[in-house]
Amino acid sequence: MSINALMLSASRVGNSTYLAHTVELIRPLTQPGQQWLFIPYAGVSVSYDEYLTKVQTALAPLPITINSIHQFADPKQAIQDAAGILVGGGNTFQLLNELYRYDLVHLIRERVQNGMPYVGWSAGSNITGTSIRTTNDMPIVEPPSFTALGILPFQLNPHYTNYQMPGHNGETRAQRLLEFTIVDPLTPVIGIQEGSALWRKGDKLTLIGDQTAYLFHGKQQEVEITANSDLSVFLK
């Protein structure tokens with residue numbers, strides 16, 4: 001496969017400005033003069049026009065032009081014509097629901113498998129796994145299916161942290177992912193922290209950034225994965 005996909009954990013690291021840390025991570029996927037397509041469907045509390053402007057401003061240092069899918073009368077043709085796709089964060093259930101509503105899931109999968117670069121962050125990364133069953137978001141809508149793009153043949157959990165706020169008695173993230181591995185012990189989950197990303201280039205998968213990631217798979221729980229590890233074994 002000629003997949004070239006970047007799955008970012010988040011749009012920010014600490015107090016950094018929006019998408020600032022992502023620019024140099026995205027740059028290797030771009031070529032000067034390309035027309036890229038932004039998919040803002042995860043944005044529930046922001047207008048699509050505002051969301052597009054925010055992304056265009058943040059990624060202005062890149063040598064590409066960015067338009068949004070909502071500006072086109074034919075979303076499928078917009079994807080066909082795009083040199084690359086950017087999928088923003090927000091609510092994963094809403095994002096996937098809209099992709100199904102416009103019948104875009106299979107088309108995006110096909111185009112990415114054939115080499116169109118893909119960049120996602122947060123919800124936009126969540127949908128690159130086999131399903132959205134390990135998203136952190138509230139199911140504010142019910143998509144026709146939880147089946148996602150399958151760019152990665154496992155589950156992804158962006159924004160991973162196992163911090164438990166003092167006085168809070170709800171489950172930690174590790175406990176929630178343990179529940180997933182109990183009901184589905186055959187499917188790995190990789191949790192990526194802020195500032196890190198997974199980059200799939202063909203049959204090679206790398207954890208990039210300076211943060212560790214964590215593996216949950218059957219009886220393996222919260223196993224640390226060091227920064228810059230080769231994770232290609234998870235593509236088999």
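One-based numbering along the sequence shown. No experiment lies behind these values; they were computed from the predicted model shown.
Tracing side-chain contacts under 4.5 Å through hydrophobic residues (I, L, V, M, F, W, Y), one reaches V223 starting from L152; they form part of the same cluster. Tracing side-chain contacts under 4.5 Å through hydrophobic residues (I, L, V, M, F, W, Y), one never reaches L8 starting from F154; they form parts of separate clusters. Criterion: ILVMFWY side-chain heavy atoms under 4.5 Å apart, direct or through other members. Under it, L86 and I208 are part of a common hydrophobic cluster. The cluster map of Ile, Leu, Val, Met, Phe, Trp and Tyr, joined by side-chain heavy atoms under 4.5 Å apart, puts L215 and V233 in the same cluster. Hydrophobic clustering keeps V46 apart from V44 (ILVMFWY residues linked when any side-chain heavy atoms are closer than 4.5 Å, directly or through intermediates).
Under the 4.5 angstrom side-chain criterion for Ile, Leu, Val, Met, Phe, Trp and Tyr, V13 has no cluster partners at all. Cluster partners of L186, using a side-chain heavy-atom cutoff of under 4.5 Å among ILVMFWY residues and allowing indirect links: none. Hydrophobic cluster membership of M165, counting Ile, Leu, Val, Met, Phe, Trp and Tyr whose side-chain heavy atoms lie under 4.5 Å apart directly or via other members: Y163.
Note that OG1 of T92 and CD1 of I132 are 6.0 Å apart. Values are rounded to the nearest 0.5 Å. In this structure, the separation between OH on Y118 and CD1 on I39 is 7.0 Å, given to the nearest 0.5 Å. Atom OG of S16 and atom CD of E194 lie 9.5 Å apart (nearest 0.5 Å). Distance CD1/I127 to CE/M7: 11.0 Å, rounded to 0.5 Å. In this structure, I190 CD1 and S229 OG are separated by 9.5 Å, a value rounded to the nearest 0.5 Å. Between L198 atom CG and T206 atom OG1 the span is 9.0 Å, to the nearest 0.5 Å.
Pairing each heavy atom of T22 with each of A10, the nearest pair is CG2-O, 4.2 Å. Here the closest non-hydrogen pair linking R200 and P153 is NH1-CD, 4.3 Å. The two residues Q34 and L29 come nearest to each other via the heavy atoms OE1-O, 4.2 Å. Scanning both residues, A78 and F72, for their nearest heavy atoms gives CB-CG, 3.7 Å. The nearest pair of heavy atoms linking A82 to M116 is O-SD, 3.8 Å. Residue I192 comes nearest to A213 through the heavy atom pair CG2-CB, 4.2 Å, listed as atom of the first residue, atom of the second, then distance.
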Exercise for review: List the steps and the verdict of side-chain contact (heavy atoms from CB on, under 4.5 Å) for Q155 and T130.
Suggested key: CA-CA 6 Å; Q155 292 290 130; T130 56; 2.7 Å; yes

Check your understanding: Could you walk me through whether T181 and Q221 pass the side-chain contact (heavy atoms from CB on, under 4.5 Å) check?
Key -> CA-CA 9 Å; T181 60; Q221 295 295 311; 2.9 Å; yes

Practice item. Could you please spell out the steps behind the side-chain contact (heavy atoms from CB on, under 4.5 Å) verdict for I3 and Q113? Key: CA-CA 5 Å; I3 291 174; Q113 287 176 341; 4.3 Å; yes

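With sequence neighbours left out, the side-chain contact (heavy atoms from CB on, under 4.5 Å) criterion links S122 to H159. Contacts of T65 classified as side-chain hydrogen bond (donor to acceptor under 3.5 Å, both in side chains), with partners at least two apart in sequence or in another chain: none. Scored by the side-chain contact (heavy atoms from CB on, under 4.5 Å) test, K76 finds D74, D103, L104, L107 as partners (sequence neighbours excluded). Scanning for salt bridge (Lys or Arg N to Asp or Glu O under 4.0 Å) contacts around E24 gives R27, with sequence neighbours left out. For F216, the ring pair (Phe, Tyr, Trp, His ring centres under 6.0 Å) criterion is met by Y160, not counting sequence neighbours. Not counting sequence neighbours, the partners of R133 by the side-chain hydrogen bond (donor to acceptor under 3.5 Å, both in side chains) test are S131, D184. Y18 is linked by a ring pair (Phe, Tyr, Trp, His ring centres under 6.0 Å) to nothing, counting only residues two or more places apart in sequence or in another chain.
Tested against I69 for a side chain to side chain contact (heavy atoms under 4.5 Å, CB included), the candidates Y48, F38, Y41 yield a single pass: Y41. Test I151, L149, I85, T128 against V112 for side chain to side chain contact (heavy atoms under 4.5 Å, CB included) and you get one pass: I151.
S125 places a side-chain N or O within donor-acceptor distance of the main-chain N or O of G120, the cut-off being under 3.5 Å. Side-chain atoms of T134 never come within 3.5 Å of backbone atoms of N157 as a donor-acceptor pair (strictly under, hydrogens ignored). A distance-only check finds no donor-acceptor pair linking the side chain of D203 to the backbone of S232 [under 3.5 Å]. Of the possible donor and acceptor atoms, none in the side chain of Q31 sits under 3.5 Å from a partner among the backbone N and O of P28. With Q164 contributing its side chain and G170 its backbone, the two residues share a donor-acceptor pair below 3.5 Å. Judged purely by atom type and a 3.5 angstrom limit, S68 has no side-chain atom pairing as donor or acceptor with the backbone of Q71. With hydrogens and angles disregarded, no donor-acceptor distance shorter than 3.5 Å links the side chain of N162 to the backbone of T172. A donor-acceptor contact shorter than 3.5 Å is absent between the side chain of R173 and the backbone of G191.
With a 6.0 Å radius and a threshold of 12 heavy atoms from other residues, nucleotides or ligands, E224 has its CD atom above the threshold.
Side-chain contact check for Q193 versus Y214: some heavy-atom pair is nearer than 4.5 Å. With a 4.5 Å cut-off on side-chain heavy atoms, N126 and P158 count as touching.
Between the side chains of N67 and W36, no donor N or O sits under 3.5 Å from an acceptor N or O. Defined by atom type and a distance below 3.5 Å, a donor-acceptor pair is missing between the side-chain atoms of E110 and N114.
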Could you pull out every donor-acceptor pair under 3.5 Å between side chains of residues 51-64 and any protein atom, sequence neighbours left out?
residue : atom : partner : partner atom : Å
Y51     : OH   : G89     : N            : 2.9
Y51     : OH   : G89     : O            : 2.7
T53     : OG1  : D49     : O            : 3.1
Q56     : NE2  : I66     : O            : 2.6
T57     : OG1  : T53     : O            : 2.8

Could you go through residues 94-101 and list every donor-acceptor pair under 3.5 Å that involves a side-chain atom there, pairing it with any protein atom two or more places apart or in another chain?
residue : atom : partner : partner atom : Å
E98     : OE1  : R101    : NE           : 3.4
E98     : OE1  : R101    : NH2          : 2.8
E98     : OE2  : R101    : NE           : 3.2
Y100    : OH   : T147    : O            : 2.7

